[in-house]
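Take a look at the structure below.
Bear in mind that the values here come from a model prediction, so they are computed numbers and not experimental data.
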Amino acid sequence: MYLFLIQGATGTGKTTLITELEKRCIKGLPVQSLVNDRRRQITGKGLSRDTDTSLCDYFTYYASYLTLFQRALEKPGIAVLDRSILDTMVFARLQFGSGNPIEILGKRIFTLMQERITGILYLPIEFEPVDDGCRNVNRELRQSFDQALIALLEELDASFVTLRGTVEERAERAITYIDGCM
């Protein structure tokens, strides 16, 4: 089993990239996506998101990511997640500052998970996001998230590849990267 995380701020094309990857096979293996719609479910129920997230919401996010991670490990072939525990750590950092208890817990969990992650695909901000009513499209928040994500990946010594360009170019680069990891 190969597990890849797609990381990036809101509206950077994570779900779009997953949709493209699902259409293709890599070394004869299908790409299976696991899209975390927990965030949309939480927002739909009126709970907090982004910088106004409550402590309870953070633990709900962690639980949903761990469930998704476990499901990914049970799948044969290639699994791609559109979000991970890294997102929650970044939002906690933006809300409470670096080194807060939520981030510390997340780092411990990620360290335990890290050996099972084959690779991380990072999508920088290159496009204006689509406002779907669930995601925060605030430009400053997106940029802050992006900067904090890169800093966190570097602190965790997490290897990642940056994918730029059109959807098709990103998909081709992702396939080349995934293929090289196998």
Side-chain angles (χ1 to χ4, degrees), residues 1-40 61-91 93 106-130 132 134-135 142-143 145-182:
M1 195 287 309
Y2 301 94
L3 175 62
F4 294 88
L5 308 180
I6 298 179
Q7 294 295 147
T10 57
T12 54
K14 295 177 296 294
T15 305
T16 303
L17 177 60
I18 281 181
T19 302
E20 280 298 309
L21 292 176
E22 284 182 314
K23 297 175 186 176
R24 305 159 189 234
C25 285
I26 302 172
K27 288 193 175 178
L29 295 173
V31 176
Q32 302 175 45
S33 68
L34 292 164
V35 176
N36 188 357
D37 61 354
R38 184 66 180 155
R39 185 159 185 266
R40 286 182 173 85
Y61 284 129
Y62 276 165
S64 70
Y65 291 136
L66 290 171
T67 300
L68 204 61
F69 185 78
Q70 183 60 41
R71 283 181 40 214
L73 294 177
E74 294 167 357
K75 289 184 172 285
I78 302 167
V80 181
L81 304 181
D82 76 327
R83 287 283 184 184
S84 77
I85 204 162
L86 295 167
D87 299 278
T88 304
M89 287 188 277
V90 170
F91 281 121
R93 178 178 282 192
K107 284 182 175 181
R108 288 181 180 157
I109 295 169
F110 183 79
T111 300
L112 294 172
M113 296 166 46
Q114 200 166 8
E115 68 183 37
R116 303 298 301 268
I117 298 168
T118 309
I120 300 173
L121 307 166
Y122 161 69
L123 303 181
I125 298 171
E126 294 185 297
F127 317 106
E128 289 301 314
V130 174
D132 63 1
C134 290
R135 68 180 113 200
R142 291 177 73 223
Q143 290 173 339
F145 181 95
D146 195 60
Q147 293 166 355
L149 174 61
I150 293 297
L152 183 61
L153 288 168
E154 290 171 354
E155 287 170 27
L156 293 168
D157 197 27
S159 176
F160 64 95
V161 63
T162 301
L163 302 179
R164 296 183 184 280
T166 66
V167 173
E168 295 78 19
E169 291 168 337
R170 286 177 169 191
E172 287 304 318
R173 289 181 182 122
I175 289 169
T176 300
Y177 175 72
I178 292 169
D179 185 54
C181 290
M182 297 172 60

> E126 side chain to G165 main-chain N or O, any donor-acceptor pair under 3.5 Å?
Replying inline: yes

> Looking at OH of Y65 and CZ of R83, how far apart are the two atoms once the value is rounded to the nearest 0.5 Å?
Replying inline: 6.0 Å

>> Rounded at 0.5 Å granularity, tell me how far OG in S84 sits from CE in M113.
In response: 6.5 Å

>> Are I6 and V80 packed together at the side-chain level, in the sense that at least one heavy-atom pair is separated by less than 4.5 angstrom?
In response: yes

> Looking at T162, L163, L17, V161, which hits side chain to side chain contact (heavy atoms under 4.5 Å, CB included) with R173?
Replying inline: L163

>> Quick check: closest heavy atoms across Y177 and T118, and the distance to 0.1 Å?
In response: OH-O, 4.3 Å

>> Checking side chain to side chain contact (heavy atoms under 4.5 Å, CB included) between F4 and each of L21, I117, I120, I178, which is the one that passes?
In response: I178

>> Within this structure, what is the SG-CG distance for the pair C181 and L3, rounded to the nearest 0.5 Å?
In response: 11.5 Å

Show me the donor-acceptor pairs within less than 3.5 Å that the side chains of residues 149-160 make with the rest of the protein, sequence neighbours left out.
{"residue": "E155", "atom": "OE1", "partner": "R93", "partner atom": "NH2", "Å": "2.7"}
{"residue": "E155", "atom": "OE1", "partner": "K107", "partner atom": "NZ", "Å": "3.0"}
{"residue": "E155", "atom": "OE2", "partner": "R93", "partner atom": "NH1", "Å": "3.1"}
{"residue": "E155", "atom": "OE2", "partner": "R93", "partner atom": "NH2", "Å": "3.1"}

> How many angstroms lie between atom CZ of R71 and atom CG of L68, to the nearest 0.5 angstrom?
Replying inline: 5.5 Å

> side-chain contact (heavy atoms from CB on, under 4.5 Å) between D146 and Y122: does it pass, once the steps are laid out?
Replying inline: CA-CA 10 Å; D146 195 60; Y122 161 69; 2.6 Å; yes

>> Checking Q7 against L123 for the side-chain contact (heavy atoms from CB on, under 4.5 Å) test, could you report, in this order, the C-alpha distance in whole Å, the side-chain angles of both residues, the deciding distance, and whether it holds?
In response: CA-CA 6 Å; Q7 294 295 147; L123 303 181; over 6 Å; no

> Mind checking whether E22 and I18 have side chains closer than 4.5 Å, heavy atoms only?
Replying inline: yes

> What distance separates T111 OG1 from R108 CZ, expressed to the nearest 0.5 Å?
Replying inline: 9.5 Å

>> Applying side-chain contact (heavy atoms from CB on, under 4.5 Å) to Y62 and M89, what does each step give before you reach the verdict?
In response: CA-CA 9 Å; Y62 276 165; M89 287 188 277; 3.5 Å; yes

>> Determine whether R116 and F69 satisfy the following criterion, side-chain contact (heavy atoms from CB on, under 4.5 Å), listing intermediate values before the conclusion.
In response: CA-CA 10 Å; R116 303 298 301 268; F69 185 78; 3.8 Å; yes

>> Test of understanding: with side chain to side chain contact (heavy atoms under 4.5 Å, CB included), list the residues that count as partners of R142, not counting sequence neighbours.
In response: A9, T10, T12, I125, P129

> Do you know the tightest heavy-atom contact between G8 and D87?
Replying inline: O-OD1, 4.2 Å

> Quick one: CD1 on I109 to CG on L86, what's the gap to the nearest 0.5 Å?
Replying inline: 11.0 Å

